[in-house]
Colleague: 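Here it is, the structure, as structure tokens.
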Number of protein chains: 2
Amino acid sequence: MKYNEAKDKFIQTWGTLGSSWGISRTMAQVHALLLISPESLCTEEVMEELKISRGNCNMTIRDLMDWGLVYKELKAGERREFFRAEKDIWKVAKQIIKERRKREIEPVLGVLEELKQVEGNKTDKKHKALVDAVTNIESVVEKADFALEKAIKLDENALIGTLFKLFK
Amino acid sequence: MKYNEAKDKFIQTWGTLGSSWGISRTMAQVHALLLISPESLCTEEVMEELKISRGNCNMTIRDLMDWGLVYKELKAGERREFFRAEKDIWKVAKQIIKERRKREIEPVLGVLEELKQVEGNKTDKKHKALVDAVTNIESVVEKADFALEKAIKLDENALIGTLFKLFK
DNA sequence: AATATCTTTCAAATAATTTTGAAAGTTCAA
DNA sequence: TTGAACTTTCAAAATTATTTGAAAGATATT
């Protein structure tokens, strides 16, 4: 495979993976481009490479910085901003997990807690089914949240090693 | 909170959680409705409760069955099909992980393997950056895939217990 | 303070996804 | 074999999400 073909396919693939695991497709594509750029790039260069508009490019890069996946870099004597990606993929994964726990799990736990307070009678089947479902979901979500919280504090190999031992 | 309000909020919340963690919003809503139904429901009942069309309802239920989250139930003397949800949420989570590994991780690993074969010279910075990125991503994705594969073979409490010990 | 360079915003346009509903398909009982 | 009851399909419509680009906002330079 030629370099240019591989590059396009890489941006495409990382875009797909990202969009199915928590960051938007364009965010993942910009991140992919920066990942394979030896030097940091400016907005103009990202626009040009990915054929996206200035507005889109700007917003996407801001989002990536909010997620902690891209850093701003100022070059001496340069007016415009340059950007480089976090290249340690385990760090990237940890960062995504951290953000998603905050953005998507925590709010749900709040709602579940509220839902457990539903008025009603324990002998009513429908009421019981609702309370049971909420209770079970809360239990699993809390455990998953805990597991993720711990997992991102570990070194990637420590995590694998631990799981591996359990099955030896 | 009144039962009906809690029910709607539950369907809404499970819909949101589902759609951000791998199944579509409507799939998650139908699943939510079935989760809190003491008896299995027929297509007509699901359509009525969620105000969705017959076509959508049918396709969504098929998808849920494909994912292993909903089962068909035949009632004696009844022509139409009834559906009930898997109510063990840990099983649901495991099932979703299993499907997503198959649908979303495995194909990516294939592409990454291909990409490592890109032609080029090790001294070319761009070429090296691409190969490095692919190699690092592959390593993390493989480890995550392994971790998920092992995690779904464990009891939920065993998983938590193990992680807990690591931090005692 | 005027100008050039770069960044941000956001309403409108475009694209992608989801939903609908009517028609076709299936199954079964009479 | 007919038709009633139910399920499936899929093109078109509706809805959602993303992208654009021009205008407004910054910021540094002369």
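Per chain, numbering begins at 1; letters A, B, ... match sequence-line order.
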Colleague: Answer with base, sugar-phosphate or nothing: what part of the nucleic acid does B/Glu44 contact at a heavy-atom distance below 4.0 Å?
Modeller: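 If one applies the 4.0 Å heavy-atom cut-off, B/Glu44 turns out to touch nothing in the nucleic acid.
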Colleague: Would you tabulate the side-chain donor-acceptor contacts of residues 57-64 of chain B under 3.5 Å, counting partners in other chains and residues two or more places apart, or write 'none'?
Modeller:
residue : atom : partner : partner atom : Å
B/Thr60 : OG1  : B/Asn56 : O            : 2.7
B/Thr60 : OG1  : B/Asn56 : OD1          : 3.2
B/Arg62 : NH2  : B/Glu81 : OE1          : 3.2

Colleague: Which residues satisfy the side chain to side chain contact (heavy atoms under 4.5 Å, CB included) test with A/Glu113, sequence neighbours excluded?
Modeller: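 For A/Glu113, the residues satisfying side chain to side chain contact (heavy atoms under 4.5 Å, CB included) (neighbours in sequence not counted) are A/Lys116, A/Gln117, A/Glu138.
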Colleague: Can you measure A/Phe83 atom CZ to C/dC6 atom P for me and round it to whole angstrom units?
Modeller: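 Checked: the CZ to P distance equals 13 Å.
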Colleague: Among residues at least two apart in sequence or on other chains, which ones pass salt bridge (charged side-chain N to carboxylate O under 4.0 Å, His left out) with B/Glu49?
Modeller: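 Residues passing salt bridge (charged side-chain N to carboxylate O under 4.0 Å, His left out) with B/Glu49: B/Lys7.
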Colleague: Tell me: CG of A/Leu50 to P of D/dT18, nearest whole Å?
Modeller: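 Taking CG of A/Leu50 and P of D/dT18, I get 17 Å after rounding.
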Colleague: Strictly below 4.0 Å: does A/Thr26 bring a side-chain N or O up to OP1 or OP2 of D/dT19?
Modeller: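 For D/dT19, OP1 or OP2 has a side-chain N or O of A/Thr26 closer than 4.0 Å.
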Colleague: Calculate the interatomic distance between A/Met27 atom CE and D/dA17 atom P; express it in whole Å.
Modeller: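 Roughly 16 Å, once rounded to whole Å.
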Colleague: For B/Lys143 and A/Asn157, test the side chains for any donor-to-acceptor distance below 3.5 angstrom and give the result as yes or no.
Modeller: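 A/Asn157 and B/Lys143 do have a side-chain donor-acceptor pair below 3.5 Å.
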Colleague: Could you tell me how far apart A/Asp63 (CG) and C/dT9 (C1') are, to the nearest whole angstrom?
Modeller: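 From A/Asp63 CG to C/dT9 C1': 13 Å.
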Colleague: Among residues 7-25 of chain A, which residues get a heavy atom nearer than 4.0 Å to DNA chain D?
Modeller: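 Contacts with DNA chain D under 4.0 Å: none.
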Colleague: Could you grab the distance from atom CZ of A/Arg80 to atom CG of A/Leu74, nearest 0.5 Å is fine?
Modeller: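 Reported value, rounded in 0.5 Å steps: 12.0 Å.
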Colleague: Whole angstroms only, please: what is the NZ-C1' distance between A/Lys72 and C/dT8?
Modeller: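 Distance, rounded to whole Å: 11 Å.
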Colleague: Could you go over nucleotides 20-30 of chain D and give all protein N or O partners under 3.5 Å, atom names and distances?
Modeller:
residue : atom : partner : partner atom : Å
D/dT20  : OP2  : A/Ser53 : N            : 2.7
D/dT20  : OP2  : A/Ser53 : OG           : 3.0
D/dT20  : OP2  : A/Asn56 : ND2          : 3.3
D/dT27  : O2   : A/Arg79 : NH2          : 2.3

Colleague: When the distance from CG of A/Leu74 to P of C/dT7 is rounded to whole Å, what number comes out?
Modeller: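 Going from A/Leu74 (CG) to C/dT7 (P), I get 10 Å.
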Colleague: Within less than 4.0 Å of OP1 or OP2 of D/dT7, is there a side-chain N or O belonging to B/Asn58?
Modeller: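 Result: no.
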Colleague: Who are the side chain to side chain contact (heavy atoms under 4.5 Å, CB included) partners of B/Arg100, not counting sequence neighbours?
Modeller: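 In terms of side chain to side chain contact (heavy atoms under 4.5 Å, CB included), with neighbours along the sequence ignored, B/Arg100 is linked to A/Ser20, A/Trp21, B/Trp67, B/Ile96, B/Glu104.
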Colleague: Taking only residues two or more places apart in sequence or in another chain, which ones pass side chain to side chain contact (heavy atoms under 4.5 Å, CB included) with A/Leu41?
Modeller: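 By the side chain to side chain contact (heavy atoms under 4.5 Å, CB included) rule, A/Leu41 matches A/Leu33, A/Leu34, A/Ser37, A/Glu45, A/Val46.
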Colleague: For B/Ser40, which residues count as a side chain to side chain contact (heavy atoms under 4.5 Å, CB included) partner, sequence neighbours excluded?
Modeller: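 By the side chain to side chain contact (heavy atoms under 4.5 Å, CB included) rule, B/Ser40 matches B/Glu73, B/Lys75, B/Phe82, B/Arg84.
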Colleague: In whole Å, I'd like the distance from the CD atom of A/Glu78 to the P atom of C/dT7.
Modeller: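 Rounded to the whole Å, the gap is 10 Å.
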Colleague: Just the rounded figure in Å: distance from P of D/dT18 to CD1 of A/Ile61.
Modeller: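 Value for this atom pair: 18 Å.
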Colleague: Name all residues meeting the ring pair (Phe, Tyr, Trp, His ring centres under 6.0 Å) criterion together with B/Phe146; count only those two or more places apart in sequence or in a different chain, and write none if there are none.
Modeller: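 B/Phe146: ring pair (Phe, Tyr, Trp, His ring centres under 6.0 Å) contacts with A/Phe164.
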